[in-house]
Structure formats: C-alpha cells, structure tokens
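Notes for the one structure printed next.
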Amino acid sequence: MRIKDRHMWIFFVLPGVLLLILVLGFPAITSVLYSVKPEQAGDVSYTLSHYSNLLKDPFFKTIFWNTGIFVFLSVGTHMILGLAVAMVLNSALPAQPLFRLIALLPWVIPDVVAGIIWKWMFDPIYGAINDVLLKMGMIQSSIEWLSNPKLALLSVVLVNLWRGFPFVMLILLAGLQAIPKVLYEAAAIDGASNLKTFFYITIPGLRKMIVVALALDIVWEVRRFGLIQSMTQGGPGVLTEVLSTYTYKQYFQFFRFEYASAISVVLTVVLLLVSLPYIWMISQEE
Amino acid sequence: MRPSTLIAKNGLYQTVIWVFLITVCVYCLFPFVWMLSTSLKTEAEAFRIPPTWIPLQPTIDSYIGIWIRKNFGIYFFNSTVISLATAVLSTFFGALAGYGFSRFLFKGRRFLIGFFLATQMLPGVLLVGPYFKILSRVGLYDTRSGLIIAFLTICLPFSTWMMKGFIDKVPNELDQSAMVDGCSRMGVFFKIILPIVAPGMIATILFAFLLAWGDLLWALCLTSSERMITVTLGIARTVGEFRIIWPMLMAGSLVGGMPAIILYVFLQRLMVQGLTAGAVKE
Amino acid sequence: MRKIVTLSICMAVFLALFSANLAVAAQVTLRFSDWHLTEDVWNKSLNEGMDIFHKRHSNIKVVLEPVSYKEKETKYTVESAAGRAPDVFHVHAFSLPMFFSKGFAKDLTSFIEKEGPGFMDAWYPLPIDLMKSKGKIHAMPGDYMTMVLFYNTEMFKAAGLNPNNPPKTCDDFLDYAKKLTRDTDGDGKIDQWGFGTLGSKSPGFSMRFGPFLWSFGGDYLTPDMKHSALDSPEAKEAFTFFVELYTKHKVIPPGLTAMGAQDVRTQLAQKKVAMIMGSGWTPPIVNKINPDLKAFEVLKCAPAPTKRKQATAIWLSSWVMSPTTKHPNEAWELIKFITSKEIELKWFVDNRVTSSRKDVSGVAPEILNDKFASVMASQLPYGKVEPQIKQWPEIIDTFTTSLQEAIVGMKTPDKALAEAHERINAILAR
C-alpha cells in the first residue's frame with residue numbers, strides 16, 4: 001500500500017468535512033462579520049454594540065428564558081414519552097407493527113404544517129378539540145389553548161411533543177431491542193422488582209442511545225422555528241417567543257441583519273456549550 | 001424482548017399498559033382523523049361552526065384539486081427527487097466519515113466530531129441570505145441541485161453521527177482480519193462494513209429523507225419558479241392572504257406524508273434490524 | 001475502483017439534474033411576482049391581464065412567480081440582497097420604507113418624466129407620498145382601500161336594531177355590540193358576539209386598531225416621528241376602550257390573541273359575530289366561506305365608528321421595480337400597464353379592490369354604484385396612514401405585544417401602554 005493505513009482516515013472523513021466547510025463556511029463567517037458591523041455605515045468599522053444592545057434588550061432575558069423552558073419541556077417530554085412507548089412496544093404485544101406505525105405517524109408531518117393544523121384544532125370557537133371536550137362534557141366552556149397566558153407555552157409544547165416523540169421512540173426502541181434478553185431473565189430469576197430491573201438493566205443498557213437522542217433533540221429543539229411561528233408568532237405578548245422566532249423577526253421583519261446575526265452567534269455559542277458534554281461523552285467511549 | 005413473565009405477573013399492570021397504549025394511539029391519530037375528515041369536506045363545510053366529524057357532503061374534490069389545480073404532481077416530483085438524493089448522498093458520505101471517526105484515532109478527531117455537530121447549531125435563518133448569494137453566483141439558484149447541496153449540509157452531520165454509531169457496533173476484528181488477508185481499507189469499507197450496516201443505512205436514509213422533506217425556509221428562499229416547488233412549500237402556500245383552503249391543505253398534508261409512510265412500511269423490518277444490529281455481538 | 005464508479009454516478013446524477021434546469025433564452029423575459037397569484041380569483045384576473053399585455057407587447061414575455069402571503073417579505077428580501085429579485089413585484093406600502101432603506105427599489109423618476117407632465121395627477125396624493133423615498137418616487141401605487149365597518153343586517157334585526165341605522169359613534173358602537181352579544185339558542189351560553197377583530201401579530205392588526213386610535217384623537221408617534229405619542233390621554237383612552245371591549249364588556253369572542261384576519265372573517269361568515277372591520281376583499285371571501293349566508297345581500301358597510309373625528313386606516317399596495325433588473329424599460333411598461341386606468345378598473349371589477357387612481361375610484365360608475373365600494377371610496381379622504389419609517393415594523397410589533405399582554409390580563413391597560421411607550425422611545429432613540 002502506498003499510503004500508510006494510519007493516514008487513511010483522511011479519505012474517509014475529508015469529503016464530508018470539505019463539503020461542510022465549503023458550503024457553510026462562507027455563510028457562517030459572513031454572519032459573524034455581520035454581527036460586528038455597525039447598523040449605519042459610519043466611521044467605525046467594527047462594533048460590539050449589537051451584543052451590548054442584546055444585554056440591554058428588555059425582551060432578551062424573557063426570550064432566553066422561554067427558549068430554555070421550551071427546550072427543557074420539549075426534550076424532557078420527548079424522552080419520557082419516547083421511552084415509555086418504546087418500552088411498551090418492546091413487550092409481548094399483539095399487532096406490534098401496527099402500533100409502531102401509529103406511533104411513528106406524527107413524524108411524517110412537517111412541523112409548520114403540524115402547527116397550522118393544531119392551531120386550528122385549538123381554536124375556542126370552531127376548533128375540533130374544544131368541540132369534542134365540550135360534547136364529552138369534560139369542560140364547561142372552551143379552553144383558550146393559545147391565548148391563556150398560563151396555557152400558551154404548554155400548548156405549543158404539547159404539539160411539539162406530538163410531532164417529535166416518534167424519533168426518540170424509534171431510537172430508544174432500537175436500543176431496547178439491543179439489550180440482551182439474558183440479562184432480564186437473570187434478573188427475573190433473582191426476583192428483582194420491575195423498578196430495579198428498569199434502573200439497573202434498562203437504563204444503563206440504553207445509555208448510549210439516550211445520549212445520542214438527547215444531543216440531537218436538544219440541538220433540534222433550540223432551532224425549532226416553523227412550529228412556533230405558525231402557531232403563535234411568539235405571542236401572546238412574548239410568552240412563546242424563543243430565540244429562533246426572535247432572530248427571524250429581527251432579520252426578515254425588521255431588517256436588522258446585524259442584530260439578528262449577533263443573536264444567532266449567541267445562540268450558536270450557547271448550543272455549543274450545552275452540547276459539549278455530550279460530544280465529549282460520545283468520543284470518550286472509544 | 002421483555003420476558004412475558006413480567007406482564008403475566010400482574011393483571012393490573014397489563015390494564016395500565018393497555019390504557020396507556022390506547023391513550024397514545026388517540027393522541028397520535030386524533031389529528032390524522034381530523035385531517036382526513038376535513039380533506040373530504042367541501043370548503044364551506046370545513047368552516048362550519050360547530051365542526052362536523054363525518055362530512056355531511058363528502059367529496060374527494062380536494063384530492064383531485066391538489067393534482068389538477070395546484071400542481072401537486074410537480075411538487076411531489078421535486079420533493080421526492082430532492083429528499084431521496086439528499087438522503088442517499090448524506091448517508092453515503094456520512095458512512096464514509098463515520099467509518100473514519102470510528103476506526104481511526106487521529107489527532108483532532110474529537111475536534112472534528114465536535115465540528116460536525118457544531119454545524120447543526122447554526123440557525124437556518126442566518127445562513128439563508130449568504131447561502132442564496134453563493135448559489136446564485138454558481139448558477140445553482142432555483143435548481144434542485146442547489147437545494148440538494150443545501151439540505152446535505154443539514155443532513156450530513158446527522159447521518160455521520162448515526163452511521164458512526166452503527167459502525168461502532170461492528171467489531172474491529174473483522175476489519176483487521178480482512179486486511180491481514182490482503183484487503184485494502186477501502187475494500188474493507190465497501191465489501192465488509194457497508195453490507196453489515198446496510199439496514200442501519202436504510203434507517204438513516206429514512207430519517208434524512210424526512211428531514212429534507214419537511215424543510216420550508218430553504219425551499220422558499222432558494223427557489224423561485226413554480227417548477228421547483230416542494231410539497232412542504234406547496235402546502236404552506238395554501239395559507240393565502242385571505243383564505244386558507246382547509247380541505248386542500250389537509251389533503252395535501254396527508255398525501256405529502258404518504259412517501260414517508262410507504263418507505264417506512266416497506267423498510268421497517270430492515271430498519272429495526274439495522275437499528276439493533278450488533279445486538280448479537282454484545 | 002468502486003469509489004470512482006460511485007463518484008462518477010453521483011456526478012452524473014448532479015449533472016443530469018443541473019442541466020435539466022438550464023433556462024432556454026428567449027426574447028425579453030420579465031419575472032413578475034405577486035402573492036395574489038396564489039388565490040383563485042386574483043390568479044385568473046392576473047392571467048387575463050397578462051394575456052392582454054402580451055397581445056400589446058409581443059416582444060415581452062412575463063413569467064409569473066407566485067409567493068405565499070406570509071413569506072413574501074422573506075423571499076423578496078433574500079432575493080434582493082443577492083441581486084436576484086423579480087423584475088416587478090407587489091408589496092404592501094408599509095414594507096416600502098425597509099425596501100427603500102436597503103436600496104431594493106428602483107428610482108422611477110426618469111420613467112415618469114418620460115411620460116410627460118401631469119402623469120402622476122391621476123393618483124390620490126397620499127399614495128404618491130407613500131411611494132417616495134427622499135422625495136423621489138421609487139414605487140407605483142396599486143390597490144387603495146379603506147377600512148370600514150361591516151355588519152350583518154339580519155343579526156341586527158334579530159337583536160332589535162335598525163339595519164339602516166348603523167352605529168356612528170364609538171359609544172353607539174359599544175351599545176350595539178353589547179346588544180348583539182347574546183345567547184341565540186337558549187342554552188345559557190353566549191354563542192354570538194357583537195364584534196370580531198384581530199388580536200394576533202399580523203399586518204392587518206394595526207389597520208383595525210388605527211381607526212379607533214385616530215378617531216379618539218391619539219396617534220402612535222409624534223408628528224416629527226421621533227417620539228412615541230402613546231402617553232397622551234387620548235391614546236390611553238383609545239387603548240383602554242379597545243382592551244375593555246374584550247376584558248370588560250366581552251363583546252369579542254374568546255381567544256382574541258390567536259385570531260387572524262381569516263378567523264375573523266370566518267366568524268362573520270358563520271354568524272358568530274355581527275360586526276367586523278373589513279374592506280373590499282371582505283364580502284367575496286365571506287361569501288366563499290359560507291355561501292348560505294348570502295353575504296352580498298345580508299352584509300352592509302358603514303364608516304368606522306368615530307369618537308372625536310372621522311378617521312380610518314388605509315390599505316395600500318405598491319409595485320416595485322428591482323434595481324437590478326436587466327430590462328428596466330420593459331419592466332416600466334409592465335408597471336404602467338398594471339396601474340393604467342383601464343386595468344385598475346379591471347382589478348376592481350374582478351376582485352373588488354378600489355384603486356389609488358382618482359380617475360377610477362372617484363369616478364367609475366362601477367364603483368359608485370356598488371354598495372360596498374361607494375362607502376369605502378367615500379372614506380378615502382379620511383384615510384390616515386401609519387408612520388412610514390423603517391423602524392415601524394418593530395414599533396408596531398412592540399405595541400402589539402403590549403396590547404396582547406393587556407388583553408390576556410397580564411398587565412393593566414395603563415401599565416401595558418406605558419411600557420410600550422417606553423420601549424418605542426428606546427427604539428427610536430437608537
């Protein structure tokens with residue numbers, strides 16, 4: 001062989017790296033440069049004013065907090081429901097493929113479309129959900145899912161759960177099926193309770209898949225845009241405004257390209273910090 | 001599989017599980033039932049207050065309408081070609097990179113893995129503008145190829161991550177013994193690894209397919225002519241300034257979800273197999 | 001070896017897809033974009049218009065590019081920033097300041113001058129003003145309409161109100177709205193409300209709030225447009241009046257902050273509300289939503305309710321020529337055609353939109369004899385427009401945020417308005 005095997009990694013990894021650099025490099029650098037450009041072309045060529053404005057922005061703190069809560073609730077519910085459904089699907093169940101298909105269905109609907117449809121279903125006057133609940137006698141008057149300040153964010157999370165849990169479920173299901181039966185049998189023989197089995201066999205066995213699902217889901221949910229935009233546009237007030245919708249507004253509605261870039265840089269940095277532990281964990285295992 | 005003894009142990013346990021399962025099914029299916037019901041209504045009936053569940057005047061008008069009045073055929077073609085090409089290409093290159101990360105402990109490895117993931121964190125909103133400029137300059141604006149390249153950058157890190165996971169499960173010994181027998185590294189990759197992780201590749205392809213299919217922002221900004229519209233963009237278009245044509249929106253959404261569902265139904269055995277590959281090895 | 005084969009296949013696929021997209025060069029081709037192309041009636045009307053244009057200008061081919069209403073600014077921004085905007089495109093007048101500030105609209109002065117003196121006399125002065133950037137016309141005015149009060153005459157009669165006597169003052173309006181908010185099927189629950197309006201963050205929102213604000217004597221900004229004017233007693237009054245329609249008098253259906261224009265029209269069409277603010281587009285859409293309502297017969301319209309003076313919001317669209325167009329002369333011919341007297345009348349007859357041309361809206365019998373258009377045209381002199389500054393989208397967004405917070409009860413109207421006032425001043429001070 002002409003090339004030492006040690007160096008062969010270049011051929012494998014480089015195509016992907018090159019593609020990413022070539023295609024994303026220019027926009028990414030442009031954005032960072034934009035974020036330090038002054039809003040009015042003046043005498044100063046670089047300025048950190050957008051970042052300091054961000055800190056002074058009365059909405060920024062709320063939006064940052066909203067993003068945190070939204071991501072925490074979304075990812076959390078994805079994991080819990082995903083795991084629960086995966087465990088049920090993993091047990092001796094009739095018509096398993098059918099149930100698996102049903103659990104996967106929400107995922108085929110793009111998030112913007114899901115937002116549009118659920119918004120309609122949530123409507124207090126002609127929405128299907130209030131209609132059913134009223135007819136079943138479960139509520140006395142229509143619930144204002146998206147207008148009630150206490151419910152708005154939760155309603156959005158509810159839809160995000162519907163749309164997003166299938167992915168986590170599928171990954172965890174695969175992970176579950178990879179846990180050797182032998183371990184469960186041994187536990188049963190030893191008389192272990194369900195709870196103990198869960199914590200000492202299931203969870204550790206799933207560890208790798210959980211980390212993968214968590215890392216991906218967190219990144220995706222911080223970037224979640226279409227769903228929220230189509231349902232509430234960040235309202236009422238700023239109750240459902242998150243960093244992605246805020247950036248969109250600044251860029252495409254207010255035309256403040258520079259400020260939007262600054263917000264995105266902050267967003268990217270935060271994401272990097274949050275996901276660093278996962279990357280470290282994954283690469284650790286080799 | 002959980003030993004069935006666990007379930008038989010407790011009748012209450014079984015009831016709880018069934019109740020849970022039914023609840024989840026209702027949660028998942030409820031919107032689809034509503035979508036189906038609405039798609040079979042006339043436009044006027046879709047707006048009825050209170051809403052009807054079984055259409056009083058059922059019609060398949062909207063299903064015909066999306067193909068005839070709304071060019072759904074073109075949207076479908078575009079979405080399928082673009083999503084499939086993206087999925088296949090990203091999975092292939094992802095497998096390459098995944099193999100590289102999996103088998104070689106080179107300097108900067110962790111950095112590059114982090115780099116792949118970091119690219120996922122750039123918000124699409126920001127990239128669209130500059131990206132659009134690049135595409136125009138190389139003449140790939142308003143083309144399927146341009147969209148494919150754009151989507152590749154979203155799907156590639158994801159595919160790499162997934163494929164690395166699958167390849168990790170294949171023991172290094174296989175590679176080593178093959179190379180001892182005179183196989184080149186590339187040969188190992190193509191002849192040994194790929195066939196084993198093929199089911200995993202199928203799973204990744206499906207996931208990447210869905211990622212590309214559901215995108216709206218890039219499809220919107222990187223195309224302009226009617227010939228290039230994707231399904232997701234086409235559906236978003238039915239939300240006009242003055243009207244939302246609900247039956248068509250619903251029909252379009254349902255029909256738009258079919259390729260993914262069909263892919264899944266046919267590939268599911270392979271997919272689940274792929275995702276659990278390596279179980280025997282553990 | 002296999003890798004080379006695979007790569008070649010990939011390249012081949014790429015090339016195949018790419019070459020399939022190469023455009024075939026022809027005569028002068030113009031790209032024309034309009035959100036109306038996504039709507040059935042307008043689409044037909046625009047296509048007919050283009051056929052007429054093609055017959056008169058056989059060397060020009062117009063390619064139609066639809067765009068969805070919500071996404072149009074996004075698309076045009078991205079395309080303009082890359083120098084690839086359509087040759088001619090249609091935007092709201094209120095987007096113009098931003099397009100102007102980024103240099104995305106071509107100066108039309110030289111074209112207008114070539115048409116001879118007095119060319120612009122045919123248009124109302126206010127629309128022309130709104131097309132100007134630094135004193136020069138950078139876009140041509142299109143549809144020009146006013147917001148008026150639409151009401152359901154049958155629901156009036158059922159509530160004991162005279163359908164020929166619509167409410168004129170804001171106090172009457174509130175009174176009527178209360179009488180129209182009732183339980184019609186005797187089950188103890190209110191199922192009909194007096195007034196339907198927008199509460200979500202959409203462009204149509206400020207158009208429906210503006211008439212109230214201005215009629216009370218208040219305004220968003222000071223005349224020099226450098227400070228917020230929301231701390232005036234009149235502004236506070238108007239704000240509180242509007243908020244209390246929902247929170248105190250409950251004449252607006254629940255869920256206001258999620259309601260967009262489409263929801264409000266649906267409510268009117270389904271007889272859930274008796275009155276809404278609307279304009280020329282309202283009757284045809286309502287009719288399409290619920291033909292059984294017989295909208296054209298049952299609905300009537302009246303000037304917006306007044307408090308201290310008559311004022312209403314205007315809706316104005318505009319035609320922009322991209323500064324990077326390769327065929328400016330042909331693009332001007334297209335714009336001239338679309339805004340010509342003959343074609344503007346066509347837009348009214350087909351789509352019920354009144355024109356910014358005086359020689360159409362003030363004069364055409366089709367408009368004067370139409371029960372809706374005549375009212376709308378009569379209000380054109382009282383039309384007021386929002387401040388045309390580039391910070392406006394951010395200002396109105398901040399304002400709507402505060403309004404929403406007051407509506408859902410998170411803050412009192414006074415506190416919410418005071419916060420809006422502060423924030424808007426901060427925006428303007430940048």
Side-chain angles (χ1 to χ4, degrees), chain A residues 11-12 15 30 34 38-40 49-50 53 56-59 62-63 112 116 119-120 122-127 130 134 140-152 155 226 229-241 245-246 248-257 259, chain C residues 3 7 70-71 73-78 81 95 97-99 101-102 104 189-191 193 196 199-203 253-260 263 266-267 270 272-273 390-398 400-411 416 419 422-423 426-427 430:
Chain A
F11 287 99
F12 288 100
T30 313
Y34 247 123
E39 207 154 328
Q40 270 94 348
S49 62
H50 303 297
N53 280 341
K56 284 188 259 166
D57 189 333
F59 293 125
T62 314
I63 294 174
V112 179
I116 296 174
K119 174 167 187 256
W120 191 35
F122 275 147
D123 191 286
I125 308 224
Y126 49 44
N130 279 313
L134 278 170
Q140 293 294 76
S141 59
S142 293
I143 301 180
E144 297 177 28
W145 298 91
L146 296 174
S147 316
N148 187 327
K150 297 198 193 78
L151 292 180
S155 304
Q229 183 72 3
S230 57
M231 287 192 84
T232 62
Q233 298 97 49
V238 283
L239 282 175
T240 59
E241 188 88 68
T245 55
Y246 195 53
Y248 178 84
K249 257 208 305 226
Q250 296 290 341
Y251 196 90
F252 287 112
Q253 283 177 15
F254 308 162
F255 280 35
R256 294 176 70 201
F257 301 158
Y259 194 56
Chain C
K3 188 175 180 190
L7 280 175
K70 277 221 213 90
E71 265 85 46
E73 274 89 20
T74 306
K75 199 146 188 314
Y76 297 151
T77 311
V78 172
S95 313
M98 287 171 320
F99 278 89
S101 73
K102 295 275 174 194
F104 291 162
K189 289 196 252 198
I190 305 246
D191 43 39
W193 289 266
S200 63
K201 289 183 183 171
S202 41
L256 178 57
T257 57
M259 281 178 206
D263 303 304
T266 307
Q267 289 164 1
Q270 302 290 3
K272 286 289 154 190
V273 298
K390 75 171 166 102
Q391 300 99 318
W392 179 249
E394 196 176 349
I395 291 176
I396 192 64
D397 183 86
T398 308
T400 317
T401 299
S402 292
L403 183 66
Q404 286 183 337
E405 287 175 341
I407 287 176
V408 298
M410 281 169 67
K411 304 194 169 119
E419 276 182 0
E422 257 179 63
R423 290 178 189 150
I427 294 173
R430 272 197 218 124

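Values below: all heavy atoms of this structure, side chains included; hydrogens, waters and symmetry mates excluded. Lettering follows sequence order; numbering is per chain, from 1. In this text, all values refer to a predicted model and were calculated from it rather than measured experimentally.
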Would you name the heavy atoms of C:P254 and A:P124 that are closest together and state the gap between them? O-CG, 3.7 Å
If you look at every heavy atom in C:P253 and A:I125, which pair is closest and at what distance?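 Between these two residues, the closest heavy atoms are CB-CD1, 3.3 Å.
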Who wins among C:M410, C:E394, C:E405, C:K411 for the most heavy-atom pairs under 4.5 Å with chain A?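 Ranked by heavy-atom pairs under 4.5 Å with chain A, first place is C:E394.
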Return the option, out of C:L403, C:V78, C:D191, C:D263, with the maximum number of heavy-atom pairs under 4.5 Å with chain A.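 Result: the option with the highest number of such pairs is C:D263.
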With a 4.5 angstrom heavy-atom cut-off, could you sort out which part of [X] is near chain C: side chain, backbone, both or neither?
X: A:I143; result: neither
X: A:K119; result: side chain
X: A:D123; result: side chain
X: A:Y126; result: side chain
X: A:P236; result: both

Where on [X] is there a heavy atom nearer than 4.5 Å to chain A: the side chain, the backbone, both, or neither?
X: C:M98; answer: both
X: C:K102; answer: side chain
X: C:L256; answer: backbone
X: C:D397; answer: side chain

Working to the nearest 0.5 Å, report the span between [atom1] of [X] and [atom2] of [Y].
X: C:I427; Y: A:R256; atom1: CD1; atom2: CZ; answer: 7.5 Å
X: C:K189; Y: A:L134; atom1: NZ; atom2: CG; answer: 5.5 Å
X: A:D57; Y: C:R423; atom1: CG; atom2: CZ; answer: 9.5 Å
X: C:R430; Y: A:N53; atom1: CZ; atom2: CG; answer: 6.5 Å
X: A:Q253; Y: C:K201; atom1: CD; atom2: NZ; answer: 9.0 Å

Would you call A:Q233 and C:S200 a side-chain contact if the rule is heavy atoms closer than 4.5 Å? yes
What I'd like to find out is whether the side chain of C:T401 reaches to under 4.5 Å of the side chain of A:E241, using heavy atoms alone. no
Side chains of A:Y251 and C:T77: do they bring a donor and an acceptor to under 3.5 Å?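 No, because no side-chain N or O of A:Y251 sits under 3.5 Å from a partner of the opposite role on C:T77.
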